[in-house]
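As structure tokens, the structure follows; a few thoughts come after it.
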2 protein chains.
Amino acid sequence: MAYFQAVHRPLRFTVPPSNSARLSNCSTCNLAELCLPVGLTDEEMQRLDELNMQKHSYARGDYLYRGGDKFRAVFAINRGAFKTRVLHEDGREQVTGFQMAGEIIGLDAISTDMHDGEALALEDSVVCELPFHRLETLSRDIPSLQRHFHKIMSREIVRDQGIMLLLGSMRSEERVAAFLLTLSQRYAARGLSPTQFQLSMSRQDIGSYLGLKLETVSRAFSHFQEKGIIAVRTRSIEILDLALLQAGVNSSC
Amino acid sequence: MAYFQAVHRPLRFTVPPSNSARLSNCSTCNLAELCLPVGLTDEEMQRLDELNMQKHSYARGDYLYRGGDKFRAVFAINRGAFKTRVLHEDGREQVTGFQMAGEIIGLDAISTDMHDGEALALEDSVVCELPFHRLETLSRDIPSLQRHFHKIMSREIVRDQGIMLLLGSMRSEERVAAFLLTLSQRYAARGLSPTQFQLSMSRQDIGSYLGLKLETVSRAFSHFQEKGIIAVRTRSIEILDLALLQAGVNSSC
DNA sequence: CATGTTTTTTGACTCACATCAAACTCAATT
DNA sequence: AATTGAGTTTGATGTGAGTCAAAAAACATG
């Protein structure tokens with residue numbers, strides 16, 4: 001709870017934090033993003049069983065889905081983390097997002113009944129599979145579920161537009177600062193430390209996500225460290241001066 | 001119809017074309033994107049009247065909504081064109097999209113009940129206002145409408161991810177080529193000429209959308225013109241060599 | 001049509017980030 | 001402890017696109 005205090009004035013491009021930091025349980029999964037803020041009655045919660053959700057495990061490096069895969073379900077991440085990416089025919093890849101426990105993934109497939117991009121596990125992970133047509137059926141009966149699902153999709157749109165803002169009008173160090181702040185807020189929203197966390201993705205992945213080369217990401221980290229803003233230990237980050245980091249987003253000092 | 005032939009092998013980052021080029025009429029509007037591909041029965045079409053859609057006109061430069069506005073409705077563009085943008089606190093703006101007749105706008109507001117960005121008319125325009133809670137209610141009764149609305153939201157996500165790919169891993173001329181191709185396909189999808197069209201937005205707007213300065217956009221246009229790929233007359237474009245333009249997307253020659 | 005304003009084009013110059021390359025770290029394996 | 005290999009850091013150098021500036025074209029207005 002105290003963690004929440006630390007992160008004030010959320011920035012436009014960051015992920016809107018979830019409505020609450022506590023996670024509630026569906027019968028099978030911790031579906032923070034799907035079940036929690038809906039305010040479902042006990043009876044409605046029971047009806048969620050009709051979704052017949054299945055848990056699956058994935059090892060680091062496993063694909064959750066690939067581009068072109070038939071769309072069957074959306075996925076709620078239960079444990080672990082994933083990256084999503086799209087591929088260009090000439091092989092260029094672009095990481096479109098990092099997803100952590102409690103978040104929903106696979107929303108790109110609804111429009112065409114095929115996954116447009118691919119998702120792969122950054123760590124050993126557990127996900128809940130939500131058969132999409134059952135989710136649609138059920139949300140016809142439970143208006144609050146319907147509304148909440150719409151909110152999740154809309155949040156995805158807002159988030160992507162935030163990244164467009166970042167890619168289109170920020171320079172390298174601003175982007176990296178924004179990235180770290182976003183991570184920080186997402187950890188805070190889940191009741192984890194917003195000032196000290198592991199990076200489950202490589203510099204390469206971060207660079208791809210931010211439209212930068214890995215060397216540039218590394219240099220930004222080093223530079224922030226020199227200035228005492230963060231402490232970097234390869235795959236773990238400690239934020240030492242949040243205010244300075246936030247300042248760094250608006251003008252690469 | 002013949003226009004469709006001209007555009008082959010749609011590129012990953014482009015807008016998935018609508019399912020059909022013909023527009024059907026709801027009782028009040030031409031809601032291409034909302035009503036058409038659903039396959040509604042006559043009776044269901046009539047029920048759409050319950051939405052009580054209202055038409056409104058906007059002059060060039062008018063705001064359809066602004067950041068922070070309360071969310072009441074999504075909008076179906078009937079005539080004209082809009083741009084959407086998000087603003088950074090320090091004044092930097094980023095154009096997040098251009099919308100033309102037949103497209104749905106305002107999907108960013110669902111998650112927070114507030115519009116995140118703003119939309120303003122690039123030409124004199126007419127839009128249909130779709131009160132969102134009525135749309136939700138109705139889509140509980142009409143599964144095909146529900147599914148179709150989900151597809152529209154998902155398509156927006158895919159489209160934004162395409163722009164992320166563009167901003168993150170393409171260089172200036174590739175971006176401009178991709179932009180022109182996307183426009184071309186959108187015109188084709190609406191039964192208009194894909195090789196000759198008006199640009200309702202400024203070079204500045206295009207630049208902001210593509211993460212480039214207006215001078216860079218202008219230079220790219222000029223360069224394409226020198227090479228005989230397009231003919232530019234300030235606010236109107238003619239595509240002379242579609243194949244070359246497509247080639248230009250993958251490697252800025 | 002003359003005038004002022006905005007938008008677009010073009011050119012010269014600069015700099016942030018990419019590129020290339022080499023050294024270093026860390027974890028896994030033998 | 002030595003070996004390997006992927007991932008990361010750091011330095012030296014090059015270039016694509018930004019910046020600044022000025023001319024040209026398009027547009028608006030009295």
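By convention in this document, chain letters (A, B, ...) are assigned in the order of the sequence lines, proteins followed by strands, and residues within each chain are numbered from 1. Quick note: numbers below take in every heavy atom, side chains included, and nothing from hydrogens, waters or symmetry partners.
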Could you state the atom-to-atom distance from [atom1] of [X] to [atom2] of [N] in whole Å?
X	N	atom1	atom2	value
Glu174(A)	dG18(D)	CD	C1'	14 Å
Leu122(A)	dA6(D)	CG	C1'	16 Å
Met170(B)	dG16(D)	CE	P	16 Å
Phe221(B)	dT10(C)	CZ	P	13 Å
His223(B)	dG11(C)	NE2	C1'	16 Å
Leu212(A)	dT19(C)	CG	P	11 Å
Leu214(B)	dA17(D)	CG	P	16 Å
Glu173(A)	dC15(C)	CD	P	17 Å

Check: [X] side chain, [Y] main-chain N or O, donor-acceptor pair, under 3.5 Å:
X	Y	answer
Arg203(B)	Leu214(B)	no
Ser125(B)	Ala81(B)	yes
Arg60(B)	Asp124(B)	no
Ser222(A)	Ser218(A)	yes
Gln94(B)	Ser208(B)	yes
Ser111(B)	Ser154(A)	no

Parallel under 30°, tilted from 30 to 60°, perpendicular over 60°: which one fits the rings of Phe71(A) and His115(A)? perpendicular
Any idea how Tyr65(A) and Phe75(A) line up, ring-wise: parallel (<30°), tilted (30 to 60°), or perpendicular (>60°)? parallel
[N] OP1/OP2 closer than 4.0 Å to side-chain N/O of [X]:
X	N	answer
Thr216(B)	dG18(D)	yes
Ser172(A)	dC17(C)	yes
Arg235(B)	dT8(C)	yes
Arg171(A)	dC15(C)	no

dist Phe221(B):CZ -> Thr234(B):OG1 (nearest 0.5 Å) comes out at 10.5 Å
Each nucleotide N or O in nucleotides 11-13 of chain D that has a protein N or O under 3.5 Å away: list the pair and distance.
unit_1, atom_1, unit_2, atom_2, d
dG11(D), N7, Arg219(A), NH1, 3.0
dG11(D), O6, Arg219(A), NH2, 3.2

Enumerate the residues from residues 197-211 of chain A whose closest heavy atom to DNA chain C is under 4.0 Å, giving them by residue number; use none for an empty result. Gly211(A)
Flag if over 12 foreign heavy atoms under 6.0 Å of CD, Glu238(B): yes
Tell me the bend of the helix from dC1(C)-dG30(D) to dT30(C)-dA1(D) as the angle between end helix axes, each from five pairs, rounded to the nearest 10 degrees. 50°
Could you walk me through whether Glu173(A) and Lys227(A) pass the salt bridge (charged side-chain N to carboxylate O under 4.0 Å, His left out) test, one step at a time? CA-CA 13 Å; Glu173(A) 295 201 351; Lys227(A) 300 179 70 174; 6.0 Å; no
I would like to know whether Val217(B) and Phe179(B) meet side chain to side chain contact (heavy atoms under 4.5 Å, CB included); could you show each step before the answer? CA-CA 11 Å; Val217(B) 175; Phe179(B) 171 71; over 6 Å; no
Would you indicate which nucleotide in dA18(C), dG18(D), dT9(C) comes nearest to any side-chain atom of Lys213(B)? dG18(D)
